[in-house]
There are 2 protein chains.
Amino acid sequence: MEEILTQSEENYIKAIFSLYQQTNAPVSTNDLAERMETKASSVTDMVRRLSEKSLLLYTKYKGCELTKEGERTALKTIRKHRLWETFLVEKLKFGWDEVHDIAEQLEHIRSVKLTDQLDAFLDFPKFDPHGDAIPDKNGEIVQREKSCKLSDLELESEAIVIGVADGSPSFLRYLDKHQITLGTKLVIKERFEFDDSMEVELNDTILSLSSAASSKITVQLV
Amino acid sequence: MEEILTQSEENYIKAIFSLYQQTNAPVSTNDLAERMETKASSVTDMVRRLSEKSLLLYTKYKGCELTKEGERTALKTIRKHRLWETFLVEKLKFGWDEVHDIAEQLEHIRSVKLTDQLDAFLDFPKFDPHGDAIPDKNGEIVQREKSCKLSDLELESEAIVIGVADGSPSFLRYLDKHQITLGTKLVIKERFEFDDSMEVELNDTILSLSSAASSKITVQLV
DNA sequence: TGTATTTTTTAGTCTTATCTAAAAATATTT
DNA sequence: AAATATTTTTAGATAAGACTAAAAAATACA
């Protein structure tokens, strides 16, 4: 009884998965509407449909959360999205700020063999170009140890960039411009209380980062 | 005024393009319905819509044919389809009988940059895994000299397989089984009038081919 | 506790792409 | 040319996914 889902349905499932992860609580109709850039009434409709397909549990006025099957569906879509992003950057030489929209389309291609062969072709990558974990064939995700936000680090600590909490093109291009990418090594040289900005050393130069920027960069202490 | 088309619209355009090529005459509603596996009434609707978008010329009861712009659209879709098929076979190790359905999905991905980067990644192939020409960025197609059907060859002529006129999985698997693929060299050893079957030599073995098979294999004399 | 505000749902409409059934136009045959 | 058959179009219906406007439920707050 492998349900065939429309692209729209898959997008809703993905959004619910991600909103649920943020709060660990049922996803409200309004929040989902905002994320999907649609109206609450459309969401109610869709959520009812998906609940009929038993991909999620829905209680009127109480929001919804995915069932085990819904979660599996979400992970499959996320897997495809992140594999395609990796393909676009690694093989087709796209910038990491250019791949999201194309991957949004590619993630809906239906073929298990395609996904798995692509995975193999890319040599079973564990992380995508933004540092997000790629679920494997069985939906398993590699858990990373002790990652934190750059903005949380103490003076003089050294860290390596392992991800970004915001994949928007403008932020990614900002990072590019300042030569920050996955794997970049940073040292915190200064912190300013009054605006939570900081100065970091990278590639032997000093770079000043606003709190907005440093809080969206995920790092690992070295 | 680059129109954004739905997948369904793109599929109709492609079908009209290919039916037109076969007969060089306006495509009738019924023929199109059969090709699209849908009803004539649906076709009438769609053809009216596409004619409003000036992608084709439509005269009631007289069938339709693509405009220059419709043709450009068809060639773009065909280009994507054949590039993806090439990618699937060359890079992801699919069999040539497995790629059609997946390429039918991939051909609708909208991104000029994706198509062009893929083209470059594949090293600007001129033909796809079935021997069909791949339109370039400008819709130009390499014309091949003096190709003919295997069934048309005289006794003792030597030829190389350059394409298939039928991309169905069952036919392609039949060819695979008999070690016939693009580039295979054949010599006609025997022809039987009564059923138009023939015997050909390839890889130092003799293979008997029905008329149905030999008429669907495109070859070039050596 | 009762009123006001916010959130969510319901009801009804729209568009795209499909369908069936019936009507109209064209083609074929006698 | 009339009758018959085929092809094509029109008319009306349906389903998915969206919308607006209005009703209902939940929440906040005085």
Side-chain angles (χ1 to χ4, degrees), chain A residues 2-16 19-20 22-23 25-66 70 73-74 77 104-105 107-108 110, chain B residues 2-16 19-20 22-23 25-66 70 73-74 77 104-105 107-108 110:
Chain A
E2 269 290 309
E3 280 279 11
I4 291 165
L5 301 182
T6 65
Q7 299 198 178
S8 185
E9 288 172 326
E10 286 187 352
N11 287 334
Y12 272 93
I13 295 282
K14 224 175 32 143
I16 294 163
L19 288 174
Y20 189 89
Q22 278 165 44
T23 57
V27 174
S28 83
T29 301
N30 255 12
D31 288 358
L32 191 45
E34 194 185 343
R35 168 67 70 103
M36 295 298 296
E37 295 181 302
T38 185
K39 295 301 158 75
S41 53
S42 307
V43 169
T44 304
D45 252 26
M46 178 58 91
V47 160
R48 248 190 318 100
R49 257 199 307 284
L50 292 174
S51 118
E52 265 157 37
K53 298 188 179 185
S54 61
L55 291 163
L56 52 79
L57 301 170
Y58 167 52
T59 323
K60 268 189 191 180
Y61 297 102
K62 296 296 177 191
C64 65
E65 56 191 287
L66 297 182
T73 304
T77 308
E104 282 293 301
Q105 298 180 61
E107 74 188 7
H108 299 297
R110 261 181 282 277
Chain B
E2 269 292 310
E3 281 278 12
I4 291 165
L5 301 181
T6 65
Q7 300 198 178
S8 185
E9 288 171 326
E10 287 186 352
N11 288 334
Y12 272 94
I13 295 281
K14 224 176 29 146
I16 294 164
L19 288 174
Y20 188 89
Q22 277 165 46
T23 59
V27 175
S28 83
T29 302
N30 255 13
D31 288 357
L32 191 45
E34 194 185 342
R35 169 67 71 99
M36 295 298 298
E37 294 181 304
T38 185
K39 297 301 159 76
S41 53
S42 308
V43 170
T44 304
D45 252 26
M46 178 60 90
V47 161
R48 249 191 318 100
R49 257 199 307 285
L50 292 174
S51 117
E52 266 158 35
K53 297 187 179 186
S54 63
L55 291 163
L56 52 79
L57 300 169
Y58 167 52
T59 322
K60 270 189 188 180
Y61 296 101
K62 295 297 176 189
C64 64
E65 55 189 288
L66 297 183
T73 303
T77 308
E104 282 292 302
Q105 298 180 61
E107 74 189 7
H108 300 297
R110 261 182 284 276

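All values below were derived from every heavy atom in this structure, side-chain atoms included, with hydrogens, water molecules and symmetry-related copies excluded. Below, chains carry the letters A, B, ... as their sequence lines are ordered, and counting in each starts from 1.
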Looking only at N and O atoms, is any donor in the side chain of B:S41 or the base of C:dT20 less than 3.5 Å from an acceptor on the other one? yes

Using the side chain to side chain donor-acceptor pair (under 3.5 Å) rule, pick out the option among A:T6, A:N11, A:T77 that qualifies with A:H108. A:N11

Which whole-number value in Å describes the distance from A:D45 CG to C:dT13 P? 15 Å

Ignoring backbone atoms, test whether B:K60 places a side-chain nitrogen or oxygen under 4.0 Å from the OP1 or OP2 oxygen of D:dT7. no

Provide, to the nearest angstrom, the distance between the CD1 atom belonging to B:I13 and the P atom belonging to C:dA17. 12 Å

Between B:K62 and C:dT26, is there a side-chain N or O to OP1/OP2 distance below 4.0 Å? no

Phosphate oxygens OP1/OP2 of D:dA16: is one of them under 4.0 Å from a side-chain N or O of A:Y12? no

Do the side-chain N or O atoms of A:T29 get closer than 4.0 angstrom to the phosphate oxygens (OP1, OP2) of C:dT9? yes

Rounded to the Å, how far apart are A:L5 CG and D:dA16 C1'? 13 Å

For the pair made of CE in B:M46 and C1' in D:dT9, what is the distance, rounded to whole Å? 17 Å

What is the separation between atom CG on A:N11 and atom P on D:dA16, rounded to the nearest whole Å? 17 Å

Rounded to the nearest Å, what distance is computed from the CD atom of residue A:E37 to the P atom of nucleotide D:dG17? 18 Å

Note: for A:T6 and B:N30 on DNA chain D, the residue whose nearest nucleotide lies more 5' is B:N30

Kindly say if B:Y61 contacts the phosphate of D:dT10, meaning a side-chain N or O under 4.0 Å from OP1 or OP2. no

From CD of A:E9 over to P of D:dA18, roughly how many Å is that when rounded to an integer? 10 Å

Per the side-chain contact (heavy atoms from CB on, under 4.5 Å) rule, which among A:L32, A:L57, A:T29, A:L55 passes with A:V47? A:L32

At 4.0 Å (heavy atoms only), tell me whether A:S42 reaches a base, stays on the sugar-phosphate, or touches nothing. base

Reckon A:R49 has a side-chain N or O less than 4.0 Å from the OP1 or OP2 of D:dA16? no

Between D:dT8, D:dT20, C:dT9, which one does the side chain of A:K39 approach most closely? D:dT20

Just verifying a value: how many Å separate A:K53 NZ and A:L5 CG, rounded to the nearest 0.5 Å? 5.5 Å

The reported gap from CD in A:E9 to CD in A:Q7 (rounded to nearest 0.5 angstrom) is 11.0 Å

Can you see if the side chain of B:T38 gets near the phosphate of C:dA17 - specifically, an N or O under 4.0 Å from OP1 or OP2? no

Minimal non-hydrogen separation, B:P26 against B:Y20, with atom names: N-CE1, 4.1 Å

Under 4.0 Å, counting only non-hydrogen atoms across every strand here, what does A:T44 touch: a base, just sugar-phosphate, or nothing? base

Separation of A:E52 atom CD from D:dA16 atom C1', in whole Å? 13 Å

